[in-house]
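Here the structure is laid out as structure tokens; the discussion comes afterwards.
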Amino acid sequence: MFTIVEKKVLSPGVFQFKVLAKKIAEKRRPGQFIILRVYDEGERIPLTIVDSAPEKGTITLIFQQVGKTTTLLGGLNEGDDILDIVGPLGKPTHIKNFGNAVVIGGGIGIAPVYPIAKGLKKAGNRVISILGARNKDILILEDEMRLVSDDIQITTDDGSYGKKGFVTQALQELIDSELKVNMVLGVGPIPMMKALCEVTRPYNINTLVSLNPIMVDGTGMCGACRISFDGKIRFVCVDGPEFDGHRVDFDELIRRNRSYFREEKAAMESLTYHEGPRCYERFES
Amino acid sequence: MEPNEIKERLKIQRHPMLEQEPKERVKNFFEVPLGYTPEVAKEEALRCIQCKKPLCVSGCPVEIDIPAFVELIAEGDFIGAARKLKEKNALPAVCGRVCPQEDQCEKMCVVGKRGKPVAIGNLERFAADYERERGEIELPQILPDTGKKVAVVGAGPSGLTVAGDLVKKGHKVTIFEALHAPGGVLMYGIPEFRLPKAIVAAEVEFLRRLGVEIVCNAVIGKTDTVDELLKDGYDAVFLGTGAGLPYFMNIPGENLVGVYSANEYLTRINLMKAYRFPEFDTPVIKGRRIAVFGGGNTAMDSARTSIRLNPEKVFIIYRRSREELPARAEEVHHGEQEGLNFKFLTNPVRFIGNKEGRLEAVECIKMKLGEPDDSGRRRPIPIPDSEFKLHIDIAVVAIGNGPNPLIPATTEGLDVNKWGNIIVDNDTGGTSKRGVFSGGDIVRGGSTVILAMGDGRRAANAIHSYLLNGKK
Ligand SMILES: Cc1cc2nc3c(=O)[nH]c(=O)nc-3n(C[C@H](O)[C@H](O)[C@H](O)COP(=O)(O)OP(=O)(O)OC[C@H]3O[C@@H](n4cnc5c(N)ncnc54)[C@H](O)[C@@H]3O)c2cc1C
Ligand SMILES: Cc1cc2nc3c(=O)[nH]c(=O)nc-3n(C[C@H](O)[C@H](O)[C@H](O)COP(=O)(O)OP(=O)(O)OC[C@H]3O[C@@H](n4cnc5c(N)ncnc54)[C@H](O)[C@@H]3O)c2cc1C
Ligand code: FES
């Protein structure tokens with residue numbers, strides 16, 4: 001069973017779990033993800049494998065409570081089991097020594113960036129990290145990122161920590177500096193990824209993004225996760241999740257991720273008003 | 001049988017199975033046909049004239065001894081009939097429901113030459129249900145442990161058959177299934193109202209009782225590769241991974257919100273139970289006006305599923321004419337009763353969306369039939385300037401599936417054809433890789449449950465002799 005052996009609150013509504021999943025812990029490589037289901041009536045949702053400890057048989061997941069499933073997940077505690085976990089899914093990041101690698105994480109996007117930064121560092125890159133958050137309180141994984149970065153910059157929207165502003169400004173400054181940027185990898189809200197691709201496009205800098213479409217099976221069977229890449233259909237769960245950001249139709253992805261906004265709201269309401277007590281009871285027993 | 005008795009039997013008319021009324025059933029997901037009572041089943045079984053050379057058997061891909069099981073029903077030995085069926089067919093309750101009998105056994109039935117054929121499918125279903133509902137399922141004899149281990153990849157009909165056959169022969173069998181529930185298309189594709197999921201679950205439970213180990217959430221090619229399975233102590237591997245890669249039409253607007261592949265649409269509703277949202281968490285957009293593109297079983301299932309979600313109108317858009325519809329006649333008939341609107345000789349050109357990227361309409365073009373193509377069917381050709389717009393808010397693309405490339409891409413030395421289907425020896429199901437066998441949709445492309453099961457049986461026999469003699 002997929003037992004939660006450690007639970008930490010990283011910031012309000014953001015949790016870190018260490019979960020027993022022996023096979024996945026052995027197999028996974030940076031850039032890959034799992035799909036989980038919390039309980040029998042539950043939805044299948046994808047989460048990045050942030051780290052693993054093969055000797056302990058655990059994987060690390062970090063998630064933000066944004067809707068029903070992540071809310072229920074956050075209600076689980078150490079010792080509880082997650083009903084289903086499948087993985088590792090997706091293609092691992094293509095990691096090699098690029099030279100100067102700039103990795104950018106926005107908000108919860110820092111979680112998927114961390115394993116890749118770690119991999120890039122191990123492969124001999126000079127890793128320059130840019131972390132962005134709305135404010136100081138919700139910045140996650142700063143210490144971990146420092147450990148795998150040669151240089152780190154932090155931006156907050158309100159200036160409560162690091163530089164005031166957005167990650168794109170920090171990226172622009174890096175490009176304008178002496179440093180030769182050999183590759184950029186960015187994960188965060190879709191508008192952020194779109195914006196940073198626009199920053200690097202004029203310089204033709206190899207820019208990778210990790211995409212987060214809605215998924216169902218995660219094995220290439222349904223096409224829910226499809227995006228337009230150079231105008232052609234790609235399935236993020238099997239062809240990705242990483243893509244050359246200069247060729248991705250981000251606007252379409254934003255629209256597709258809003259497919260169920262009405263239903264998602266209804267699901268949350270059902271949680272608080274009707275099903276809440278039942279669901280939480282189930283988890284506490 | 002005496003000529004007189006034959007005459008008497010031929011007088012009996014075929015017994016249709018009672019069904020839920022169309023008006024009622026479009027409001028629920030319960031099964032449409034209601035089954036035979038024991039009395040009706042006996043009467044129907046009496047229609048069989050017990051031919052000396054039963055042609056029906058040659059029409060059955062797994063060669064069920066049809067006259068024998070039908071006669072057992074006529075005699076009232078329903079459990080005996082079920083056991084007779086199971087000698088050849090591990091999943092009779094499934095096949096009695098989803099097999100295209102009209103193209104198989106019932107097509108060959110001698111009684112059917114003059115009147116209507118014996119309702120073999122209905123009888124099969126009756127006997128299997130009777131046994132299951134009475135809980136009198138007999139565990140077959142399991143041969144002594146051979147010490148051999150077999151990995152079955154995919155828990156669809158082909159994999160389930162291989163597992164059942166090999167476990168009975170004394171091998172240790174583990175099924176690896178990518179999804180969280182076993183059953184393959186029976187679970188995620190074919191809707192509840194045609195094949196109740198409790199039946200699939202019961203069949204799977206039966207295999208577990210026989211000693212088959214089922215590991216869900218295991219994507220072979222990711223969680224483990226085929227080569228790793230062979231290295232980790234499995235003596236043979238069966239690949240029954242199906243044809244699960246949805247094709248799209250490659251027309252503009254296909255990524256608008258509201259355009260689904262049939263696989264996604266059906267998986268959300270069947271496997272994830274979106275029709276019971278928000279009791280179940282997975283949603284599906286309901287839509288007022290729905291169009292399904294395609295003319296096969298998958299299209300029919302998608303359309304008949306959508307009409308149960310209470311829309312205004314459901315269209316089936318098919319580029320050829322009614323005569324070429326590949327779906328089973330029964331399904332087309334059921335669909336028409338339920339109010340599907342067929343638009344034949346029509347092909348979509350592009351999808352049109354609103355500002356938020358949600359589907360609003362589809363532009364179609366009228367077609368006519370030209371010369372026969374490679375498939376022998378007349379090729380549909382567009383009629384110039386016949387474009388028209390149809391307002392819809394949900395589109396379901398059901399034009400077929402291809403093989404998922406995951407396993408071939410991660411398995412050394414496994415040969416596939418130009419479409420990506422695994423190449424096998426026709427007699428054994430053996431692939432180009434030693435110890436690896438395959439069957440079902442991953443070999444045939446989209447096919448049928450019974451052919452997948454037939455492949456499973458064939459491969460199980462070959463695996464058995466491979467394990468004992470080391471030869472394919
Ligand atoms: C490859 C991949 C890796 C991801 N890694 C992480 C991670 O490490 N940490 C993290 O917090 N989040 C991650 N996500 C996003 C996470 O899957 C969603 O936040 C989660 O599914 C929301 O579910 P919900 O029921 O709580 O919210 P909902 O109310 O269902 O949805 C809230 C938002 O999440 C998106 N979403 C809904 N359902 C899905 C779905 N099945 N798949 C993907 N997105 C969905 C919707 O677009 C919506 O904007 C990742 C997504 C992908 C595709
Ligand atoms: C909507 C629909 C309706 C149909 N209606 C009928 C009908 O009425 N009558 C009929 O006879 N036929 C029908 N068919 C066809 C029939 O269902 C298929 O021919 C049959 O299911 C094929 O069986 P299979 O064992 O080859 O594979 P599948 O049933 O496709 O099962 C394959 C299984 O393998 C799993 N899998 C795939 N890749 C991996 C992997 N890498 N690792 C682990 N597991 C994996 C899948 O998740 C799946 O569970 C229908 C098909 C569809 C889609
Ligand atoms: S999630 Fe179903 S194909 Fe990617």
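Protein chains get the first letters and strands the later ones, always in sequence-line order, with residue 1 at the start of each. When reading the values below, keep in mind they use all heavy atoms of this one structure, side chains included, and skip hydrogens, waters and symmetry mates.
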Problem set entry | Reported CG-to-OH distance for the pair B/Asp281 and A/Tyr39, which is rounded to 0.5 angstrom | 3.5 Å
Exercise. Hey, does the side chain of B/Arg358 reach the backbone of A/Ser259 with a donor-acceptor pair shorter than 3.5 angstrom?
Worked result: yes
Exercise. When you measure from the side chain of B/Ser261 to the backbone N and O of A/Cys222, does any donor-acceptor pair fall under 3.5 Å?
Worked result: yes
Problem set entry | A/Ile85 portion near chain B, given a 4.5 angstrom heavy-atom threshold | backbone
Exercise. Do the side chains of B/Val219 and A/Leu89 get nearer than 4.5 Å, heavy atoms only?
Worked result: yes
Exercise. Going by atom types alone, do A/Asp217 and B/Tyr188 pair a side-chain donor with an acceptor below 3.5 Å?
Worked result: no
Exercise. Given that the side chain runs from C-beta out, which part of A/Ile214 has a heavy atom under 4.5 Å from chain B: side chain, backbone, both or neither?
Worked result: side chain
Exercise. Checking B/Leu406 against chain A: side chain, backbone, both or neither under 4.5 Å from a heavy atom?
Worked result: neither
Exercise. Checking heavy atoms, do the side chain of B/Asn401, its backbone, both or neither come under 4.5 Å from chain A?
Worked result: neither
Seminar exercise, completed: Distance col, row B/Leu256:CG vs A/Glu252:CD, nearest 0.5 angstrom, shows 7.5 Å
Problem set entry | Side chain / backbone / both / neither for B/Arg268 at chain A, heavy atoms under 4.5 Å | side chain
Exercise. Roughly how far, to the nearest 0.5 Å, is the NZ atom of A/Lys27 from the NZ atom of B/Lys222?
Worked result: 11.0 Å
Problem set entry | Contact summary for B/Thr223 and A/Lys23, nearest pair of heavy atoms | CG2-CG, 3.6 Å
Exercise. For the atom pair CG (B/Leu179) and CZ (A/Arg37), what is the distance rounded to the nearest 0.5 Å?
Worked result: 10.0 Å
Exercise. Side chain, backbone, both or neither: which part of A/Ile227 has a heavy atom under 4.5 Å from chain B?
Worked result: backbone
Exercise. How about A/Arg44 and B/Met272: do any of their side-chain heavy atoms sit closer than 4.5 Å?
Worked result: yes
For this session: Quick one: closest heavy-atom pair of A/Asp40 and B/Phe280, and the distance?
Result: O-CE2, 4.2 Å
Exercise. If you tally heavy-atom pairs under 4.5 Å against chain A, which of B/Ala218, B/Gly258, B/Pro246 wins?
Worked result: B/Pro246
Exercise. Should we say atom CD of B/Glu412 is surrounded by more than 12 heavy atoms from elsewhere, each under 6.0 Å from it?
Worked result: no
Problem set entry | Test applied, side chain to side chain contact (heavy atoms under 4.5 Å, CB included); reference residue, A/Val216; option that passes from B/Leu271, B/Thr267, B/Asn263 | B/Thr267
For this session: May I ask you to test the A/Glu43-B/Pro283 pair for a side-chain heavy-atom distance under 4.5 Å?
Result: yes
For this session: Show your working on side chain to side chain contact (heavy atoms under 4.5 Å, CB included) between B/His180 and A/Ile35 and close with a plain yes or no.
Result: CA-CA 10 Å; B/His180 58 259; A/Ile35 285 188; over 6 Å; no
Exercise. At a heavy-atom separation under 4.5 Å, does A/Glu26 approach chain B through its side chain, its backbone, both, or neither?
Worked result: neither
Exercise. So which of B/Leu245, B/Asn250, B/Asp224 has the biggest tally of heavy-atom pairs under 4.5 Å with chain A?
Worked result: B/Asp224
Exercise. How are the rings of B/Tyr260 and A/Tyr260 set to each other: parallel, tilted or perpendicular (split at 30° and 60°)?
Worked result: tilted
For this session: Using a cut-off of 6.0 Å, state whether more than 12 heavy atoms not belonging to A/Arg234 lie near its atom CZ.
Result: yes
Problem set entry | Interchain contact, B/Val284 with chain A, by part (heavy-atom threshold 4.5 Å) | backbone
For this session: Would you check if the side chain of A/Arg256 reaches a backbone N or O of B/Asn255 as a donor-acceptor pair within less than 3.5 Å?
Result: yes
For this session: Tell me, for B/Glu228 versus chain A, whether the close heavy atoms (under 4.5 Å) come from the side chain, the backbone, both or neither.
Result: side chain
Problem set entry | Shortest non-hydrogen contact from B/Ala178 toward A/Val86 | O-CG2, 3.8 Å
Exercise. Is chain B contacted by the side chain of A/Ile24, its backbone, both, or neither, given a heavy-atom distance below 4.5 Å?
Worked result: neither
